[in-house]
Amino acid sequence: HIPFHLGYTVSADTNFTMFSPSSSGRVYLQMWADTNNFKNVQFSIGADQLTPNYSFRGKMAFSNIQQHIGVLQEDTLYNNGNRIGIIQSYGDVMDDVYSMEFNIIPDSTDYKWRLITTGNGAFDLWNFNMVNSNLPSASVMTDSIYYKKGDLSQTIVSSFQCLDEVITVGNYYNRRSHINYYDTLVTNYTIVPGARVNSSSSGPTRDGRIKPDIMATGDKTISCLTQGMLADFITYLPGELATSSGFHKFGGGTSAASPVVAGIAALYLEKNPTATVQQLKQAVITCAKEDNFTGINLPNNTWGYGKVDAFTTLTGCITTSINNEQSNNEHQLIIYPNPSNNEVNFNLSFVELNSNDKLELNIYNTIGKIVKSIKATNTIITINNLLPAGIYHCELLLNGKKYATEKMIILLPE
C-alpha cells in the first residue's frame, strides 16, 4: 500500500514535501482545500538535488491562492543563472472549494521537486510520487525537521464520493483457489477469503464523510474474457488467470466489487420502482453484514457499514445480526423501541463508570454526519423523536473511544 495522501495543518513553520518526476518526466501536483482553510496559506515550488551530494537548488517566491484564481501562469526556476525547470500553475474555486495545480517540467530528472507551505490553514493532496524514504539526514538537509511525509489515510480520492447520492464500495477477498486454463487447481495461501484487500481505499473523504459505504467481494472474481485476449493470457500469464473453458478470466479490485452492489441496486429498484436514492442507499447500508473481519464498531473508514447482503437488502431488515463467529462478549447498546416513531430510549446500564469517566452518545445519519450528540449522565437516555424518518447509526463513546454501537430506525409519525 503506497502512502500517496498528503494532508496537514499549515503553520508558520516552512513545511515541505518532495516529489519525484513521474514516468512522463514531469511532476503534477493538485492541492485541495475548503476556502476557509486555504485563504491564509502561502506556497512555493522548489528543487533539491539528492545525489551524488545533497544540495538545495532554489525555489520560487511564495504566493497565495488569490493570486492564481483563473490565471494560467508559467514561471522558470534558475540556479546560478542556469534554468532547471518550468513551473506552470493554475488556481480555481468552486462551491467553496479551492484547487491549486502545478505542472512542473524539469530540465533534468536528477532533481526532486518540493512543495513548500507556510501560513495558517490545511489542504489535501494525492500523488504516487512522494518521497517518503531514503531522505538525507538532518545534518545534511538541515530543514528536514519540517518535512511532511505521505500517509495511508484518506486514500479515497474522487470528489464525486462527497455526493449524498453516491454509494462508495470497497472490496474483500472472494476466494483463494481456482481452476486455471490447464485444469490445474491454483491456490494462493496468502489470501484469507472474507478479509479486506489491502489495496481497497479507506476514508474519510476530504470533507470528512465516512467512506466506503459498503464492502463487496472483489478480488478473485470471475468475469468474461474477450477471445482476442485469450492468447495473451495463455502466453504471458501461463494460463493462471483464465478458466478452463477459456471464456472467463480471474481479476478483481473495487472495479469488480462495485458491480456487485450495482446489481443489488438494480434488483432493489426492480422490486421498488418508486424508491428514492436515499431509500436505496439506506437499504444497502442498513442491511449490511457484520462478522469477525468487520468487527462491530461500524461504520468506520475501513469497512464502511459492513459487507453487502443482497438477500436482506431485497427482503428488508430492522437490525443486522452478528455472524456466529463473532464473540458474544461485545458490548451491546440497547435502543427501545426500535424502530420508533415517537420516543426513543437508550439503555446504558451495562457501562461501568468511574468518577472521572466521560460518556457520550453520538447519532449519525446515513452519510456519516453527526445529527445529535448527547453527554450521558444517566443510565437511561430518552429523546423525543425530533429526527427525520430514516436509518441512523448510534455510537457510544467512553472517554473518547468507541464502546458500543447500534443501528436505529425512525419511522414516519403516526
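- Considering all non-hydrogen atoms of both residues, Ala195 and Trp303 come closest at C-CH2, 4.1 Å.
- Lys112 forms no cation-pi arrangement with Phe19, by the criterion of a distance under 6.0 Å to the ring centre and an angle within 45° of the ring axis.
- Of all the heavy atoms in Thr205 and Gln154, the pair that sits closest is O-NE2, 3.4 Å.
- Of the candidates Phe16, Phe38, Tyr98, Phe43 forms a ring-ring contact (aromatic ring centres under 6.0 Å, His included) with just one, namely Phe38.
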Q) Is there a side-chain hydrogen bond (donor to acceptor under 3.5 Å, both in side chains) between Thr117 and Tyr8 once you walk through the steps? A) CA-CA 10 Å; Thr117 64; Tyr8 58 86; 2.7 Å; yes

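- Listed by chain and residue number, nothing satisfies the salt bridge (Lys or Arg N to Asp or Glu O under 4.0 Å) test with Lys281 (two or more places apart in sequence, or in another chain).
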Could you pull out every donor-acceptor pair under 3.5 Å between side chains of residues 257-270 and any protein atom, sequence neighbours left out?
{"residue": "Ser258", "atom": "OG", "partner": "Thr254", "partner atom": "O", "Å": "3.0"}

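- For CD1 of Ile145, the number of neighbouring non-hydrogen atoms (other residues, nucleotides, ligands) closer than 6.0 Å is 12 at most.
- In terms of heavy-atom proximity, Leu135 sits nearest to Met18 at CD2-CE, 3.5 Å.
- Every residue meeting the side-chain contact (heavy atoms from CB on, under 4.5 Å) condition with Tyr54, not counting sequence neighbours, appears here in chain and number order: Asp48, Leu50, Phe56, Arg114, Pro136, Val140, Met141.
- Residues Arg26 and Pro21 fail the side-chain proximity criterion, which asks for heavy atoms closer than 4.5 Å.
- Partners of Gln88 by side-chain hydrogen bond (donor to acceptor under 3.5 Å, both in side chains), not counting sequence neighbours, listed by chain and number: Glu74, Asn103.
- Here the closest heavy-atom approach between residue Tyr90 and residue Leu72 is recorded as CD1-N, 3.6 Å.
- By the 4.5 Å heavy-atom criterion applied to side chains, Glu360 and Ile374 are not counted as neighbours.
- In this view, Tyr146 satisfies the ring-ring contact (aromatic ring centres under 6.0 Å, His included) rule with no residue, not counting sequence neighbours.
- A donor atom on one side chain and an acceptor atom on the other are found under 3.5 Å apart for Lys211 and Thr168.
- Taking CD of Gln30 as the start and OG of Ser99 as the end, the distance is 5.0 Å to the nearest 0.5 Å.
- Shown here are the side-chain contact (heavy atoms from CB on, under 4.5 Å) partners of Lys358, two or more places apart in sequence or in another chain: Asn399.
- Closest approach of Ser44 to Lys59, counting heavy atoms only: OG-CB, 3.8 Å.
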